[in-house]
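Numbers here simply count residues along the sequence, with the first being 1. First listed ligand is number 1; within each ligand, the first listed atom is number 1.
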Amino acid sequence: MDPAETYDLLRNLTTPVVAITSARNGKLNGMITDGAIRASIVPDVPRLVIQIHKWHLTHEIVSETGRFAAHLLHRGQVDVVTKLGFASGRDTDKLAGLPHRIGATGCPILEDCYAWFDCTVINRMDAGSQTLFLGQAMDVGRGRGEEVLEPAHLREALPPEFRDRYPRNLAAAQDRARPLAWLFTPTAG
Ligand SMILES: Cc1cc2nc3c(=O)[nH]c(=O)nc-3n(C[C@H](O)[C@H](O)[C@H](O)COP(=O)(O)O)c2cc1C
């Protein structure tokens with residue numbers, strides 16, 4: 001199948017929009033993912049997997065500290081996506097102006113969100129261009145909002161300047177990821 005068609009099919013597997021926060025030596029950071037999935041069906045063992053590209057500051061911090069907090073966002077939080085998902089924490093303090101407190105693992109917990117999961121990394125998988133971190137939630141909370149922010153809603157609600165930047169950023173990330181993704185090439189048979 002044509003790779004573009006394949007990717008369109010894969011996009012059906014994107015998840016709700018999630019803000020990942022992290023902290024190292026007093027530096028607080030946050031990013032956005034739409035690839036965070038439930039990794040346990042046992043209610044008293046809450047686990048999730050997040051996928052982070054290797055060049056992000058968040059990757060560096062989570063790799064080193066083994067801690068992250070994942071936040072499901074609600075539909076009124078498109079501004080959180082524009083703050084955390086379009087610039088690197090290497091260039092700016094993205095948590096400034098986003099009300100938060102420090103959670104049990106030392107990561108920032110956003111005051112406003114649909115729900116949060118404060119996690120310790122219990123396993124990780126090298127996927128070439130990204131690392132899949134398996135987190136166990138040490139603390140969980142419900143914020144406000146009636147509906148989680150889905151990628152389809154986000155695309156419609158993004159301000160015009162970000163609506164243009166989003167596909168450009170995605171294309172740049174795909175170019176960066178491609179040679180790293182090929183590090184793991186399946187062999188025939
Ligand atoms: C809707 C949306 C989804 C995203 N999904 C991912 C993702 O699944 N994995 C990832 O590594 N980056 C993803 N990003 C990009 C990062 O959030 C973004 O590059 C961020 O600025 C990285 O920040 P950092 O360098 O401070 O960690 C996404 C961005 C947006 C806007």
Side-chain angles (χ1 to χ4, degrees), residues 7-8 10-39 48-98 100 107-108 110 113-114 117 119 121 124-135 147-181 183:
Y7 186 64
D8 275 346
L10 279 174
R11 284 185 103 170
N12 290 306
L13 292 171
T14 52
T15 68
V17 181
V18 165
I20 306 291
T21 57
S22 57
R24 179 180 57 179
N25 303 330
K27 165 75 179 176
L28 307 180
N29 196 41
M31 64 164 277
I32 297 296
T33 175
D34 52 12
I37 55 169
R38 175 177 58 74
L48 58 144
V49 167
I50 57 168
Q51 311 172 34
I52 308 180
H53 285 117
K54 289 180 176 173
W55 54 86
H56 291 329
L57 177 61
T58 303
H59 187 278
E60 201 179 300
I61 298 176
V62 176
S63 297
E64 208 175 296
T65 62
R67 308 268 189 268
F68 66 87
H71 305 74
L72 279 163
L73 301 178
H74 61 71
R75 284 194 171 198
Q77 292 190 285
V78 172
D79 62 316
V80 176
V81 179
T82 57
K83 274 191 184 122
L84 300 183
F86 287 84
S88 175
R90 291 195 181 91
D91 308 320
T92 174
D93 176 2
K94 291 192 273 184
L95 268 290
L98 268 186
H100 60 272
C107 295
L110 302 181
C113 64
Y114 182 91
F117 305 86
C119 296
V121 174
R124 55 190 82 185
M125 186 173 94
D126 186 343
S129 55
Q130 52 190 342
T131 300
L132 278 52
F133 295 98
L134 174 63
E147 288 177 276
V148 294
L149 181 61
E150 298 281 353
H153 177 258
L154 174 69
R155 278 195 291 276
E156 281 167 26
L158 269 179
E161 85 177 271
F162 290 97
R163 219 176 288 175
D164 293 344
R165 276 171 68 185
Y166 182 71
R168 283 206 305 272
N169 286 2
L170 177 62
Q174 285 170 330
D175 285 346
R176 208 162 173 183
R178 189 168 289 104
L180 297 168
L183 289 175

Of the listed options Ser88, Pro151, Ala173, Ala87, closest to atom 21 (O) of ligand 1 (non-hydrogen atoms):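 Considering heavy atoms of Ser88, Pro151, Ala173, Ala87, the nearest to atom 21 (O) of ligand 1 sits in Ala87.
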Heavy-atom proximity to atom 19 (O) of ligand 1, best of Met31, Lys94, His56, Lys54: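 Nearest option to atom 19 (O) of ligand 1, by heavy atoms: His56.
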Among the heavy atoms of [X], does any lie under 4.0 Å from an atom of ligand 1?
{"X": "Ile50", "value": "no"}
{"X": "Gln130", "value": "no"}
{"X": "Tyr166", "value": "yes"}

Closest contact, heavy atoms only, [X] versus [Y]:
{"X": "Ala87", "Y": "Lys94", "answer": "O-NZ, 2.6 Å"}
{"X": "Asn29", "Y": "Thr58", "answer": "ND2-OG1, 3.3 Å"}
{"X": "Pro151", "Y": "Thr14", "answer": "CG-OG1, 4.0 Å"}
{"X": "Thr131", "Y": "Lys54", "answer": "OG1-CE, 3.9 Å"}

Using a 4.0 Å heavy-atom cut-off, say whether [X] meets ligand 1 through its side chain, its backbone, both or neither.
{"X": "Trp55", "result": "neither"}
{"X": "Asn29", "result": "side chain"}
{"X": "Asn169", "result": "neither"}

Proximity of Phe162 and Phe86 rings by center, below 6.0 Å: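 Under 6.0 Å, so yes.
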Geometric N/O contact Val81 with ligand 1, under 3.5 angstrom: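 No: no nitrogen or oxygen of Val81 is under 3.5 Å from one in ligand 1.
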Contact (N/O only, under 3.5 Å) between Ile32 and ligand 1: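 Yes; the residue has a nitrogen or oxygen that sits under 3.5 Å from a nitrogen or oxygen of the ligand.
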Ligand-residue contact atoms, ligand 1 with Leu84, heavy atoms, under 4.0 Å: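 Close to Leu84: 20 (C), 21 (O).
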Leu154 neighbourhood, listing ligand 1 atoms whose heavy-atom distance to it stays under 4.0 Å: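 Those qualifying, in numeric order: 1 (C).
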Side chain to side chain contact (heavy atoms under 4.5 Å, CB included) partner of Ile32, chosen from Thr82, Ile20, Val81: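 Of the listed residues Thr82, Ile20, Val81, the side chain to side chain contact (heavy atoms under 4.5 Å, CB included) partner of Ile32 is Val81.
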Ring geometry between His56 and His53 (parallel below 30°, tilted from 30 to 60°, perpendicular above 60°):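 The rings of His53 and His56 stand perpendicular, inter-plane angle above 60°.
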Over 12 foreign heavy atoms within 6.0 Å of CG, Asp91: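 For Asp91, atom CG is crowded (more than 12 foreign heavy atoms under 6.0 Å).
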